[in-house]
2 protein chains.
Amino acid sequence: MDTKSLIIDIATKLFQQKGYKGVGLTEIIKACDISKGSLYHHFPNGKEELLIACLQYLNEEITNDIVDIFNRYPTTQEATNAMISKLIDNFEMEGTLIGYTFSSMVSEMASLSDPVRNACAKLYTEMQTIYYHKLVADGFSNDEASSTALMVTASIEGGMLLCLTQKRAEPLQVISQVLPKILETRRFKTSE
Amino acid sequence: MDTKSLIIDIATKLFQQKGYKGVGLTEIIKACDISKGSLYHHFPNGKEELLIACLQYLNEEITNDIVDIFNRYPTTQEATNAMISKLIDNFEMEGTLIGYTFSSMVSEMASLSDPVRNACAKLYTEMQTIYYHKLVADGFSNDEASSTALMVTASIEGGMLLCLTQKRAEPLQVISQVLPKILETRRFKTSE
DNA sequence: GTCTATAGGCAGATAGAC
DNA sequence: GTCTATCTGCCTATAGAC
């Protein structure tokens, strides 16, 4: 792996765990085992440029991952269940929620930097778009699919915050159980 | 208002807007028009002690406010609607979501400080308890009330993050429209 | 492309006068 | 209880050798 990719990979995890301001460049270069000069060679505009690169990288990682899961399950309900299960497994193994969250970057930087805010907005939008298409395929109207996709995104993001405060995966498990109430297709199923 | 209350009041707003690491002590004392020595007289253990005091203050403010709203409306559905409306009004007037959110403190500090994490956890728990009791009064079973209260908390918290990234109040409006799907009393329960 | 060395500023925190 | 002055250390960022 080339140095630039290595920096992005490690910095992304650190930013997710500790937030943007919570991670210093010194910590990043130590974790990468490189020098400060090397970092600034790849990101001449400094830390914020690195953060945006991380958010773009995260965007691809997350959307690829979700698309992959959504292709493997017939309905949105089953797909979101599988997705949350994966999040929980990750949380219980790693101890941190480095999966699909970037809430620390949002809440810290949204009011301070428009480029960062826009990168975060784009990521949320792409996640919702995936949910949206699956919901339309499930038989939802466009309006209902759109609002439901937003609700899924918000509740999972909020659920991650609850998991972080409690150091337990239970909140996400509960959300996984409640989500079917809004994901149930509003038409009669042909089987059963 | 005494100096200590003034510091807590102003620091709380700043922490909510910019996050814990995003606000310096210098910024706080300038906004309060006091000196650093005065701040350290009231909070001898420094910034983290101040943050926890802010979270406790926020706890009282938020729970009082929510209890007040919940007493004025007959059902959970109407009460949450009114609560979200108030959040949105605040957001559109002030430009920032300093209402019931402290997500920046959670996501920044949860992995770094247990006292802070616990203060945040307590706040979330108290909010959910208010929802829980109202839902039980609505006729929900204890289990359903508990999981629904968690879902309401998570979706509103996540909705605020979406509002912050988009600089628009629409996400919270949509959530307000979708929430009835899980808040409808199941008194005309359909067999599954 | 990677390194070392360092600049310049601001962070949180402290000491002691009044 | 509030002030000014100051300390130490970390922060981002830069310069220039190899």
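This one's a predicted model, so the numbers in the text were calculated from it and none came from an experiment.
Partners of A:Asn81 under the side chain to side chain donor-acceptor pair (under 3.5 Å) rule, at least two apart in sequence or in another chain, are A:Ser176. Every residue two or more places apart in sequence or in another chain that forms a salt bridge (charged side-chain N to carboxylate O under 4.0 Å, His left out) with B:Lys167 is listed here: A:Asp114. In this structure, the ring pair (Phe, Tyr, Trp, His ring centres under 6.0 Å) partners of A:Tyr124, at least two apart in sequence or on a different chain, are A:Phe102. For B:Phe70, the ring pair (Phe, Tyr, Trp, His ring centres under 6.0 Å) partners at least two apart in sequence or on another chain are B:Tyr131. Not counting sequence neighbours, A:Glu48 has no partner by the salt bridge (charged side-chain N to carboxylate O under 4.0 Å, His left out) test. Every residue two or more places apart in sequence or in another chain that forms a salt bridge (charged side-chain N to carboxylate O under 4.0 Å, His left out) with A:Glu170 is listed here: A:Arg168. Residues passing the ring pair (Phe, Tyr, Trp, His ring centres under 6.0 Å) test with B:Tyr132, sequence neighbours excluded: none. For B:Glu27, the side chain to side chain donor-acceptor pair (under 3.5 Å) partners two or more places apart in sequence, or in a different chain, are B:Lys18.
Using a 4.0 Å cutoff to heavy atoms of chain B, the contacted part of DNA chain D runs 5' to 3' from D:dG1 to D:dT4.
Residue pairs satisfying the salt bridge (charged side-chain N to carboxylate O under 4.0 Å, His left out) criterion with at least one member in residues 51-70 of chain B, sequence neighbours excluded, are listed as follows: B:Asp65-B:Lys86, B:Asp68-B:Arg72.
Rounded to 10 degrees, the angle separating the terminal axes of the helix from C:dG1-D:dC18 to C:dC18-D:dG1 is 0°, with each axis obtained from five end pairs.
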Using the 3.5 Å cut-off, write out each protein N or O paired with an N or O of nucleotides 8-12 of chain C and the distance between them.
unit_1	atom_1	unit_2	atom_2	d
C:dA11	OP2	B:Thr26	OG1	3.4
C:dG12	OP1	B:Lys47	NZ	2.6
C:dG12	OP2	B:Leu25	N	2.6

B:Lys134 vs B:Asp138, test: salt bridge (Lys or Arg N to Asp or Glu O under 4.0 Å). Steps then yes/no. CA-CA 6 Å; B:Lys134 190 82 169 179; B:Asp138 281 354; over 6 Å; no
